[in-house]
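Note that this is a predicted model, so its numbers are computed, not measured.
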Amino acid sequence: MCVISEEAIGQFEALMEQVDEALKTTFQNIHQGCTRDTYLRFLTAREGNVANAHKMLVDSLTWRVENEIDDILAKPIIPTELYRAIRDSQLIGMPGYTKEGLPIFAFGAGLSTYDKASVHYYVQSHIQINEYRDRVVLPAASKKYGKHISKSLKVLDMTGLKLSALNQIKILTIISSIDDLNYPEKVVAYYIVNTPYIFSACWKVVKPLLQERTRKKVQVLSGCGQDDLLKIMDYSSLPHFCRREGSGSSRYSGSSNENCYSLDHPFHQQLYDYIKQQALLRRPVRPVKQGSVHVDFPDAVTEGTEFVQTLASEFQKFGKQNGIAQSLDDLNINDH
């Protein structure tokens with residue numbers, strides 16, 4: 001694993017002192033008062049190379065300025081019915097925190113359909129959750145737990161995975177690229193649960209292709225992963241799809257307080273209320289315009305896009321070799 005020297009951090013800091021004021025202003029929304037942590041993240045993402053890390057950060061700051069990312073938390077997706085449809089088809093939620101205070105984010109990778117709105121709306125929603133995590137959730141967690149917390153943990157649920165998910169490769173690669181290039185090293189671990197047989201088979205091929213840094217973060221757990229996850233989080237913070245062995249995931253599992261994907265879940269209610277309040281503060285006179293925020297999509301091939309595309313390619317090969325056209329969930333046989 002790459003070890004970042006104090007000299008490299010110092011060189012990076014000196015280079016950043018030379019950027020223009022517009023970039024320095026948006027940089028504040030990234031580092032939240034902890035510049036060293038930000039330098040470490042970008043250096044780690046570029047294997048300790050100062051020049052490459054500096055270019056990556058400057059490119060990210062330029063992207064933020066050109067796409068008005070600093071204002072994205074003041075741009076609600078309206079009407080509420082549209083936002084609810086997005087939440088029902090882009091399954092993301094935050095059920096709680098680990099015992100160490102890291103925010104836990106859950107993703108319904110198998111059941112997300114991304115078919116209720118344009119790509120721009122889904123990208124806008126994803127970036128808003130990233131920004132809310134970095135500007136609101138992580139600072140609040142740091143205060144609550146009495147220590148600096150700058151990263152999170154992700155649990156990916158593969159229940160319901162279908163070969164038709166290959167149709168979503170475009171949006172998944174866009175989101176992966178945005179995260180890789182602009183929010184590097186924000187996740188300490190990825191836990192994958194409820195894996196159908198085909199995922200397990202393809203994972204054996206894909207895993208060796210990942211960079212060591214990423215490979216060490218990813219763990220495919222047995223079944224719903226409850227036993228393993230309870231070692232690092234309390235039961236109350238378990239995503240709903242991890243609470244009963246064999247129950248799998250559901251868009252509407254139990255009450256809205258339990259289903260972290262739902263717009264009615266406290267996390268999403270707080271997020272949506274925050275965005276609406278920010279919109280009122282920024283534009284107290286003019287009404288909020290309807291329509292998605294158009295963010296420039298990166299065209300660079302990143303580690304995340306390679307992972308998504310390679311996994312998709314293996315799914316396709318597996319399906320053709322085995323004549324599979326039905327739901328992958330029909331083959332939900334754990335490979336553990």
Side-chain angles (χ1 to χ4, degrees), residues 32 37 84 87-88 90-112 125-126 128-161 175 179 183 185-195 216-275 334 336:
Q32 294 286 303
D37 177 77
R84 183 177 292 278
R87 290 280 60 81
D88 288 345
Q90 182 187 34
L91 304 181
I92 304 173
M94 184 186 147
Y97 299 82
T98 68
K99 295 175 181 177
E100 295 183 348
L102 300 182
I104 301 161
F105 284 88
F107 291 80
L111 290 173
S112 290
S125 171
H126 182 80
Q128 285 178 330
I129 291 176
N130 279 355
E131 291 293 311
Y132 185 73
R133 173 199 64 197
D134 293 351
R135 295 196 232 169
V136 179
V137 174
L138 290 171
S142 298
K143 183 177 180 180
K144 178 180 178 181
Y145 289 91
K147 60 182 178 180
H148 178 59
I149 296 175
S150 61
K151 299 186 179 184
S152 61
L153 174 149
K154 291 186 178 181
V155 183
L156 285 69
D157 177 32
M158 294 296 170
T159 299
L161 194 65
I175 288 174
D179 283 355
Y183 304 93
E185 299 297 314
K186 295 296 293 188
V187 181
V188 297
Y190 298 86
Y191 294 99
I192 302 177
V193 302
N194 294 321
T195 55
K216 287 182 176 180
K217 292 181 182 178
V218 180
Q219 294 188 46
V220 179
L221 305 182
S222 176
C224 70
Q226 181 178 137
D227 292 343
D228 291 299
L229 292 176
L230 284 176
K231 296 174 183 177
I232 58 173
M233 66 184 71
D234 294 330
Y235 185 84
S236 60
S237 290
L238 277 177
H240 61 274
F241 50 81
C242 296
R243 294 196 173 191
R244 282 190 302 169
E245 186 70 38
S247 66
S249 175
S250 169
R251 289 184 178 85
Y252 305 107
S253 174
S255 70
S256 59
N257 284 338
E258 292 178 345
N259 179 9
C260 63
Y261 299 148
S262 171
L263 178 56
D264 299 318
H265 186 273
F267 168 74
H268 283 298
Q269 284 292 300
Q270 292 163 11
L271 167 61
Y272 200 47
D273 287 346
Y274 181 89
I275 294 174
N334 286 311
H336 302 279

Q: Take Val187 and Asp179, measure what side-chain contact (heavy atoms from CB on, under 4.5 Å) needs, and give me the verdict at the end.
A: CA-CA 10 Å; Val187 181; Asp179 283 355; over 6 Å; no

Q: Hey, does Ile275 have a side-chain heavy atom less than 4.5 Å from the side chain of Tyr132?
A: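 Counting from C-beta outward, Tyr132 and Ile275 never come under 4.5 Å.
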
Q: Flag the pair His240 / Cys260 as yes when at least one side-chain heavy-atom distance between them is below 4.5 Å, and no otherwise.
A: yes

Q: Any idea which heavy atoms bring Gly93 and Tyr261 closest together, and the distance?
A: N-CD2, 4.1 Å

Q: Side-chain contact, heavy-atom cut-off 4.5 Å: Arg84 with Asp264?
A: yes

Q: Before you tell me yes or no, could you show the steps for Tyr274 and Val136 under side-chain contact (heavy atoms from CB on, under 4.5 Å), namely the whole-Å CA-CA distance, both residues' side-chain angles and the distance that decides it to 0.1 Å?
A: CA-CA 10 Å; Tyr274 181 89; Val136 179; 3.7 Å; yes

Q: Would you call Gln269 and Leu263 a side-chain contact if the rule is heavy atoms closer than 4.5 Å?
A: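 Touching, per the 4.5 Å side-chain cut-off.
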
Q: At their closest point, which heavy atom of Cys242 faces which heavy atom of Val155, and how far apart are they?
A: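 Scanning both residues completely, I find the closest heavy atoms to be SG-CG1, 4.2 Å.
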
Q: Would you find more than 12 non-hydrogen atoms of other residues, nucleotides or ligands less than 6.0 Å from Lys143 atom NZ?
A: no

Q: Check the side chains of Gln128 and Tyr272 for a donor-acceptor pair under 3.5 angstrom, ignoring hydrogens and angles.
A: no

Q: How about Asp157 and Leu91: do any of their side-chain heavy atoms sit closer than 4.5 Å?
A: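 Side chain of Asp157 against side chain of Leu91, heavy atoms only: no contact under 4.5 Å found.
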
Q: For the residue pair Leu138 and Pro103, establish whether any side-chain heavy-atom pair is separated by less than 4.5 Å.
A: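 Yes, at least one pair of side-chain atoms sits under 4.5 Å.
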
Q: Is it the case that over 12 heavy atoms from other parts of the model lie below 6.0 angstrom from the CD atom of Glu100?
A: no

Q: Can you find a pair of side-chain heavy atoms, one from Glu258 and one from Arg243, that are under 4.5 Å apart?
A: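 Side chain of Glu258 against side chain of Arg243, heavy atoms only: contact under 4.5 Å found.
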
Q: So which atom in His268 and which in Ser262 form the shortest heavy-atom distance, rounded to 0.1 Å?
A: CD2-O, 3.3 Å

Q: Measure from the side-chain N and O atoms of Lys154 to the backbone N and O of Ile192, and report whether any donor-acceptor pair falls under 3.5 Å.
A: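 Pair absent, no side-chain N/O of Lys154 close to backbone of Ile192.
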
Q: Could you walk me through whether Gln32 and Asp134 pass side-chain contact (heavy atoms from CB on, under 4.5 Å), step by step?
A: CA-CA 8 Å; Gln32 294 286 303; Asp134 293 351; 5.7 Å; no

Q: For Asp273, give me all partners under side-chain contact (heavy atoms from CB on, under 4.5 Å), at least two apart in sequence or on another chain.
A: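 Here the qualifying residues are Lys276, Gln277.
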
Q: Would you compute the distance between atom CG of Asp227 and atom OG of Ser222 and round it to the nearest 0.5 angstrom?
A: 8.5 Å

Q: Measure across Lys99 and Asp234 and return the closest heavy-atom pair with its distance rounded to 0.1 Å.
A: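 Where Lys99 meets Asp234 most closely, the heavy atoms are CE-OD1, 3.5 Å.
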
Q: Once you measure the plane-to-plane angle for Tyr145 and Tyr97, does it fall in the parallel (<30°), tilted (30-60°) or perpendicular (>60°) bin?
A: tilted

Q: How far does CD1 of Ile92 sit from CZ of Phe267, to the nearest 0.5 angstrom?
A: 8.5 Å

Q: Look at the rings of His126 and Phe107 and say which category their plane angle falls in: under 30° parallel, 30 to 60° tilted, over 60° perpendicular.
A: tilted

Q: Considering all heavy atoms of both residues, which atom of Thr98 and which atom of Met233 are nearest to each other, and what is their separation?
A: CA-CB, 4.1 Å

Q: Indicate yes or no for a side-chain donor-acceptor contact from Arg87 to the backbone of Gln90 under 3.5 Å, with no hydrogens or angles considered.
A: yes

Q: Do the non-hydrogen side-chain atoms of Asn130 and Lys186 ever get within less than 4.5 Å of each other?
A: no

Q: Decide side-chain contact (heavy atoms from CB on, under 4.5 Å) for Asp228 and Tyr191; before the verdict, give the C-alpha distance in whole Å, the side-chain angles of both, and the deciding distance to 0.1 Å.
A: CA-CA 10 Å; Asp228 291 299; Tyr191 294 99; over 6 Å; no

Q: What's the shortest heavy-atom distance between Gly101 and Ile149, and which atoms?
A: O-CD1, 3.3 Å

